[in-house]
Amino acid sequence: AQRVTQPEKLLSVFKGAPVELKCNYSYSGSPELFWYVQYSRQRLQLLLRHISRESIKGFTADLNKGETSFHLKKPFAQEEDSAMYYCALIPNSGYSTLTFGKGTMLLVSP
Amino acid sequence: DTGVSQNPRHKITKRGQNVTFRCDPISEHNRLYWYRQTLGQGPEFLTYFQNEAQLEKSRLLSDRFSAERPKGSFSTLEIQRTEQGDSAMYLCASSLVGRSYNEQFFGPGTRLTVL
């Protein structure tokens, strides 16, 4: 069965510092990888997905199949980035349900 | 608000009681998902529907849980004979097959507390 691991429960940085939220997965095939974000008192929402190779709110994530990782990065953190971040995967394009990691809380201090 | 809605937002019940939650997906979405999230965990898949057909159920969905989507629109999740271990946030999501890589849009959740 597939599994998503986010090793850090909490990541605390100062405004302007670089951020990297780690995500590793275990799955033998070619999964689709996603990052979801939940801001305080808001619902879970999609931040970005590896297929679209886009940058959202300054965040990027590269799928590394050799290391089975999908780390989320931002060069300069902002206070408004403080939120809960979840890495998730869908095993393949014909499958539909998401497997989430436990999440990492990002706190950006002024 | 045209997003996914869930009712009630909070439910407190006594052990052994039955509870029912409702999810209204985004109107044109044909897939609807239920997830459960406990403290310190990410959401865990429970079940999903395509239109009115329930296509998959997780092993987490015990016999006390039942979900329906009778007309392919809203869905209900019922838990019978609730246990304290059922206390969690129950999340609903919807998506449109073939659109935007099947992006799932989540509702605000129903928080269940079993006393």
Side-chain angles (χ1 to χ4, degrees), chain A residues 1-10 21-25 27 30-54 56 61 63 70 72 83-106, chain B residues 1-7 9-10 23-26 29-51 53-61 67 88-111:
Chain A
Q2 62 273 11
R3 185 170 185 157
V4 176
T5 303
Q6 295 180 249
E8 302 138 330
K9 285 188 177 180
L10 172 66
L21 293 106
K22 291 183 167 46
C23 171
N24 289 89
Y25 66 90
Y27 180 65
S30 296
E32 294 182 41
L33 273 295
F34 304 83
W35 277 98
Y36 277 80
V37 61
Q38 188 166 26
Y39 301 101
S40 179
R41 299 193 184 90
Q42 295 187 27
R43 61 188 67 190
L44 198 59
Q45 59 186 282
L46 179 66
L47 179 62
L48 55 81
R49 65 201 125 203
H50 89 272
I51 285 178
S52 53
R53 296 180 176 274
E54 56 199 346
I56 302 293
L63 179 61
F70 188 56
L72 184 67
M84 195 73 182
Y85 291 80
Y86 294 96
C87 183
L89 73 76
I90 290 178
N92 58 59
S93 59
Y95 205 67
S96 188
T97 60
L98 290 159
T99 297
F100 286 88
K102 293 186 178 183
T104 298
M105 171 68 77
L106 174 64
Chain B
D1 186 357
T2 56
V4 178
S5 62
Q6 293 186 246
N7 287 289
R9 296 290 306 277
H10 303 273
C23 171
D24 287 88
I26 294 172
H29 284 185
N30 51 8
R31 282 194 178 165
L32 187 149
Y33 310 80
W34 286 99
Y35 292 85
R36 182 176 72 181
Q37 186 173 22
T38 53
L39 198 62
Q41 303 293 320
E44 296 172 292
F45 166 72
L46 292 178
T47 188
Y48 91 93
F49 294 83
Q50 181 156 321
N51 300 313
Q54 189 172 18
L55 296 188
E56 188 175 350
K57 293 193 286 188
S58 160
R59 288 174 297 174
L60 293 175
L61 211 66
M89 177 74 86
Y90 290 84
L91 296 170
C92 177
S94 70
S95 70
L96 181 62
V97 176
R99 173 79 57 85
S100 188
Y101 302 103
N102 298 322
E103 177 180 348
Q104 295 183 26
F105 294 82
F106 282 81
T110 294
R111 182 171 295 284

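Throughout, protein chains are lettered first and strands after them, A, B, ... in sequence-line order, and every chain is numbered starting at 1. Just so it is clear, the values below take in all heavy atoms, side chains as well, and ignore hydrogens, waters and symmetry mates.
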Could you tell me the separation between the [atom1] atom of [X] and the [atom2] atom of [Y], rounded to the nearest 0.5 Å?
X: A/Tyr36; Y: B/Gln104; atom1: OH; atom2: CD; answer: 5.0 Å
X: A/Leu46; Y: B/Ser95; atom1: CG; atom2: OG; answer: 12.0 Å
X: A/Gln38; Y: B/Leu91; atom1: CD; atom2: CG; answer: 7.5 Å
X: B/Gln37; Y: A/Tyr86; atom1: CD; atom2: OH; answer: 4.0 Å

B/Leu39: side-chain contact (heavy atoms from CB on, under 4.5 Å) partners, not counting sequence neighbours: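 Once residues adjacent in sequence are excluded, B/Leu39 has no partner under the side-chain contact (heavy atoms from CB on, under 4.5 Å) criterion.
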Interface residue of largest heavy-atom contact number with chain B, from A/Leu98, A/Val4, A/Thr99, under 4.5 Å: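 The answer is A/Leu98.
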Shortest non-hydrogen separation from B/Phe106 to A/Arg43 and the atoms involved: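 Closest approach of B/Phe106 to A/Arg43: O-CD, 3.0 Å.
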Nearest non-hydrogen partners of A/Thr97 and B/Glu56, listed with the distance: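 Heavy atoms of A/Thr97 and B/Glu56 come nearest at CG2-OE1, 4.2 Å.
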Which portion of B/Glu44 sits near chain A, non-hydrogen atoms under 4.5 angstrom: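 Neither part.
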Ring pair (Phe, Tyr, Trp, His ring centres under 6.0 Å) between A/Phe100 and B/Phe45, intermediate numbers included: CA-CA 9 Å; A/Phe100 286 88; B/Phe45 166 72; over 10 Å; no
Partner residues of B/Phe49 under the ring pair (Phe, Tyr, Trp, His ring centres under 6.0 Å) criterion, sequence neighbours left out: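 Here no residue qualifies.
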